[in-house]
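The sequence lines fix the lettering, A, B, ..., with proteins before strands; numbering per chain opens at 1.
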Protein chains: 2
Amino acid sequence: VRVAIQGERGSFSHKAALALVPELGVLRSCALSPEVFECLVRGDADAAVVPIENSLAGSVLEHYDLLLAHPLHIAAEFLLRIGHNLIAAPGVTLGEVREVYSHPVALAQCRRFFAEHPQCRPVPFYDTAGAVVEAVRSGAPVAAIAGSHAVREHGGSMLVAGIEDNPENYTRFLLLYPGESASTASTGPVNKVSLVFSVLNEPGSLVRALQIFARRGLNLTRLESRPVPGSPWEYVFYTDYQLGLEDEAASALVELNGCCSFVKELGRYTAAAAVSA
Amino acid sequence: VRVAIQGERGSFSHKAALALVPELGVLRSCALSPEVFECLVRGDADAAVVPIENSLAGSVLEHYDLLLAHPLHIAAEFLLRIGHNLIAAPGVTLGEVREVYSHPVALAQCRRFFAEHPQCRPVPFYDTAGAVVEAVRSGAPVAAIAGSHAVREHGGSMLVAGIEDNPENYTRFLLLYPGESASTASTGPVNKVSLVFSVLNEPGSLVRALQIFARRGLNLTRLESRPVPGSPWEYVFYTDYQLGLEDEAASALVELNGCCSFVKELGRYTAAAAVSA
């Protein structure tokens, strides 16, 4: 199975892909997020794994926009515990390090480390694992911030482990397959639904849509809004809800279509039960 | 009046500050957003002006978090039409330009220009106007993307005007004063309220909160969610609603306090009526 991710081998997306697709064969590493979605839709990958939300940084807004813009569906989700580590080329010591490369979100989650080590300057990089590759290759007094699995993939030595500011740091990843509806049966119970909708800009329109879930006792776990390009101050709402009986998803969808100006289901899948460290 | 903004003279924030605070005396230019809020709370500025939302890029999530974290209130809003221009040092021609500096959001809003001019490489910079200062100063074959007012502030020549991909490009700015409640009377009618709340994670809890507005016929113009740091998968919701009678704001607040785990009003002010080009 060929799986597309944003980032390199040893990135958090790679770790999530290994968990979501145990039969992973070929990893398609993309530098930018739009390439991941194009790769999937073009048929150059059988699946894609993307982060959609981090418990500290919030939503990956670009990925919400890309979900809506491509014919695909969500087949599963996975919660990954995010731990950050300072990694450098073998032989480089902490005292020598002047620049630290990593993804901007990772840099922002290690503010205490930078406050305590003012000689280290944070430098934004497109990927955590790519930053380790660069630090190991460069021979300069630089280091990278990445997950411990990046060391196993790319060498380098771990100078400081666990430098994240907040240990309650989790990222939710989605497994995406091409096509707008599920072609294969889910392996677990279908108990979570993701969809996107928009409502007319008038008093009570959003409440009328959300009542469709509330009346059925369906718990909303997420509500994210994004602007509609070209229509200032209009929005689409992305929502996830927990499902009891699968019948409820179909009847909720029919009712939503009756009161929304736009509705698209993004996937029905098994809610991630526990968090993986 | 001393006004703090993120960015330099000639930035979009500066233009919005001139519109929101006609008596602007001293401009406090801050490189990073947290400095703007700290400057206001510390008393080094009398007011702050910050972008909160762009009609194409969406919310400025960092500013939502900072609004909640500081004792301040929203006193007014302003909608600014965003036009992007390619600006270089006098004498530099379009054919010579190899690097283009600007704020990452501005670079992302000029994708067509970069597709049509592959010899120009986009380079992220902390501020649009700061990018013009650098381009004019450097003497290298570089340019900047910024508003036309940056030329008036910093010199340079406009190589190409109006290079934004989408003309429906507006940014909503907020005027912030220190202290959690308004100390001075509003100059216009109070017809808009911003507040932040959180609800228990149970079916229907968000709908119960939003019904408080719907029952009064109050139109929600915005609903944004942000994670609660340290409590994975819990969220606060930022909402703006249009107000008829000011009494309704007080009664809605009382009722919200009865069904939410947390409520904080961020400001009552005059809705921006029209968009300024």
Side-chain angles (χ1 to χ4, degrees), chain A residues 53-59 61-62 64-65 79 81 104 108-109 111 124 165-172 199 201-235 237-242 244 275, chain B residues 34 53-59 61-62 64-65 79 81 104 108-109 124 165-172 199 201-235 237-242 244 275:
Chain A
E53 180 185 7
N54 174 269
S55 63
L56 295 173
S59 292
L61 299 176
E62 184 182 14
Y64 275 102
D65 294 347
L79 304 178
R81 162 88 163 83
Q109 293 181 341
R111 288 200 183 113
D165 295 333
N166 191 325
E168 292 292 329
N169 190 347
Y170 303 95
T171 295
R172 185 176 158 233
V199 294
N201 183 15
E202 59 183 35
S205 57
L206 179 61
V207 168
R208 272 195 298 282
L210 298 183
Q211 277 172 332
I212 292 167
F213 307 109
R215 268 202 306 275
R216 289 172 171 77
L218 304 171
N219 192 26
L220 291 188
T221 56
R222 191 80 189 91
L223 185 67
E224 180 59 83
S225 67
R226 288 291 293 154
V228 178
S231 298
W233 328 124
E234 290 185 20
Y235 305 90
F237 293 93
Y238 292 83
T239 190
D240 299 331
Y241 67 89
Q242 290 170 330
V275 154
Chain B
E53 180 184 7
N54 174 269
S55 63
L56 295 173
S59 293
L61 298 177
E62 183 182 14
Y64 275 100
D65 295 346
L79 304 178
R81 161 87 163 83
Q109 292 181 343
D165 295 332
N166 191 324
E168 293 292 329
N169 190 346
Y170 303 94
T171 296
R172 186 175 158 235
V199 294
N201 182 16
E202 58 183 35
S205 57
L206 179 61
V207 168
R208 272 196 298 280
L210 298 182
Q211 277 172 332
I212 292 167
F213 307 109
R215 268 202 306 275
R216 289 171 172 77
L218 304 171
N219 192 26
L220 291 188
T221 57
R222 190 81 189 94
L223 185 68
E224 181 60 83
S225 66
R226 289 291 294 153
V228 178
S231 298
W233 327 123
E234 290 185 21
Y235 306 90
F237 293 93
Y238 293 83
T239 191
D240 300 331
Y241 68 89
Q242 291 170 330
V275 155

Chain B interface, residue from [options] that has the most non-hydrogen pairs under 4.5 Å:
| options | value |
| --- | --- |
| A:Val228, A:Leu223, A:Leu218, A:Asn169 | A:Leu223 |
| A:Ser205, A:Pro167, A:Gly58, A:Pro232 | A:Pro232 |
| A:Ala209, A:Ser55, A:Pro203 | A:Pro203 |

So, for [X] and [Y], which heavy atoms are closest and what is the spacing to 0.1 Å?
| X | Y | result |
| --- | --- | --- |
| A:Leu56 | B:Pro227 | O-CG, 3.7 Å |
| B:Ala214 | A:Gly204 | CB-CA, 3.8 Å |
| B:Asn166 | A:Pro229 | ND2-C, 4.2 Å |

Chain A contact via [X] - which portion, at a heavy-atom distance below 4.5 Å:
| X | result |
| --- | --- |
| B:Phe237 | side chain |
| B:Leu206 | side chain |
| B:Glu202 | backbone |
| B:Tyr235 | side chain |
| B:Arg216 | neither |
| B:Leu61 | side chain |

Checklist entry - So how far is it from B:Trp233 CH2 to A:Asp240 CG, rounded to the nearest 0.5 Å? => result 10.5 Å
Next on the checklist: Can you confirm whether B:Arg222 sits close enough to A:Ser225 that some side-chain heavy atom of one is under 4.5 Å from a side-chain heavy atom of the other?
Outcome noted: yes
Checklist entry - Ignoring hydrogens and geometry, is there a side-chain-to-backbone donor-acceptor pair from A:Arg226 to B:Ala57 under 3.5 Å? => result yes
Next on the checklist: Quick check on A:Asp65 against chain B: is it the side chain, the backbone, both or neither that has a heavy atom closer than 4.5 Å?
Outcome noted: neither
Checklist entry - Within a radius of less than 6.0 Å around CZ of A:Arg111, do more than 12 heavy atoms belonging to other residues, nucleotides or ligands occur? => result no
